[in-house]
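Right, one structure below, let's go through it.
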Amino acid sequence: MLRALLLAPPGAGKGTQGERLAGIYGVPHLATGDLLRRHVAEGTPLGQEAKQYMDRGELVPDKLVNSVILQRLTGGKPLRGFILDGYPRSLRQAQDSYDWGLARGLTFHKVISLAVDEDELVQRLLERGRRSGRSDDNEETIRHRLRVYDENTRPLLDFYRQRGILAEVDGTVTVDEVTDRIRAVLDPVADWD
Ligand code: ADP
């Protein structure tokens, strides 16, 4: 059973790699952005509240994000393995989820950071916006999301480095090569049972 976090700025490839890794390791890929967008599309009260933050490129308040992710982790059949993407995204969320995980024996085995420089991220996100019409993939919001990442999420690299579970992977090589390099990190810790 594998529990891993993909920790990287918008556009670094968390979604693409998350899907692939979920298939490889037989665990669900949980992307908070996708879970939140589903709430928005369904027009739930939570989605209506979250949308205003998402459209501005701000973090959705912890209370809303926690409830979305906890619902998914504990609702129905509780999950023991997962590839998380997009949570935690602030030190507060990291501390809360670490405490929550410790109490249940569900901390991450590994945290994978995907490094891609800013110009490349902006180009990728503009292209995604052109193709998918995702409302937060416009230049102004993209730049803001990158600032929000630097301020709120980048400090988590140290948080996990200090806990000895951070692995840094170059996110600018081909998609297949990124997957291979992540596998080199995760294969040894994945329990295949
Ligand atoms: P990206 O990584 O490209 O920004 P996501 O789909 O992961 O895209 O997230 C889209 C938006 O959803 C974020 O800009 C933010 O508003 C919200 N969001 C996702 N995860 C979280 C989180 N853990 N905490 C707060 N807001 C979040």
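Counting starts at 1 for both ligands and their atoms, in listed order. Values reported hereafter were calculated over all heavy atoms of this structure, with side chains retained and with hydrogens, waters and symmetry mates removed. Each residue takes its place number in the sequence, starting with 1. Values in this document were obtained by computation on a predicted structure and should not be read as measured data.
- No side-chain donor-acceptor contact under 3.5 Å links Arg181 to the backbone of Val169.
- Checking side-chain atoms of Ser97 against main-chain N and O of Pro88 turns up no donor-acceptor pair under 3.5 Å.
- Looking at Arg37, Arg124, Gln93, His144 and measuring to atom 6 (O) of ligand 1, the nearest heavy atom belongs to Arg37.
- Among protein heavy atoms, the minimum distance from atom 20 (N) of ligand 1 is reached at Thr32 OG1, 2.8 Å.
- In plain terms, the two heavy atoms of Leu121 and Ala12 that are nearest each other are CD2-N, 3.6 Å.
- Of all the heavy atoms of Leu36, the ones lying under 4.0 Å from any atom of ligand 1 belong exclusively to the side chain.
- Taking both residues in full, the closest heavy atoms of Leu114 and Lys14 are given as CD1-N, 4.1 Å, listed atom of the first, atom of the second, then distance.
- The heavy atom nearest to atom 7 (O) of ligand 1, considering only Arg89, Lys14, Arg128, is found in Arg89.
- Note: no N/O pair closer than 3.5 Å links Leu59 and ligand 1 by distance alone.
- Under a cutoff of 6.0 Å and an axis angle of 45°, Arg56 and Tyr53 form a cation-pi pair.
- Arg145 NH2, 2.8 Å is the protein heavy atom nearest to atom 3 (O) of ligand 1.
- Among protein heavy atoms, the minimum distance from atom 15 (C) of ligand 1 is reached at Glu58 O, 3.5 Å.
- Between the side chain of Thr141 and the backbone N or O of Asp137, no donor-acceptor pair lies under 3.5 Å.
- Ranking the protein heavy atoms by distance from atom 12 (O) of ligand 1 puts Met54 CE, 3.6 Å first.
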I'd like a table of donor-acceptor pairs (distance under 3.5 Å, sequence neighbours excluded) in which one partner is a side-chain atom from residues 34-43, with atom names and distances.
residue, atom, partner, partner atom, Å
Asp34, OD1, Arg37, NH2, 2.8
His39, ND1, Thr44, OG1, 2.8

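- Of all atoms in ligand 1, numbered sequentially from 1 with element shown, those under 4.0 Å from a heavy atom of Val65 are 22 (C), 23 (N), 24 (N), 25 (C), 26 (N).
- Interface of Gly86 with ligand 1, defined as ligand atoms under 4.0 Å from a residue heavy atom, comprises 20 (N), 21 (C), 22 (C), 23 (N).
- Distance from atom 8 (O) of ligand 1 to its nearest protein heavy atom, with residue and atom name: Arg134 NH2, 3.1 Å.
- Formation of a donor-acceptor pair under 3.5 Å by the Arg163 side chain with backbone atoms of Phe159 is found in this model.
- In this structure, atom 26 (N) of ligand 1 lies nearest to the protein heavy atom Val60 N, 2.9 Å.
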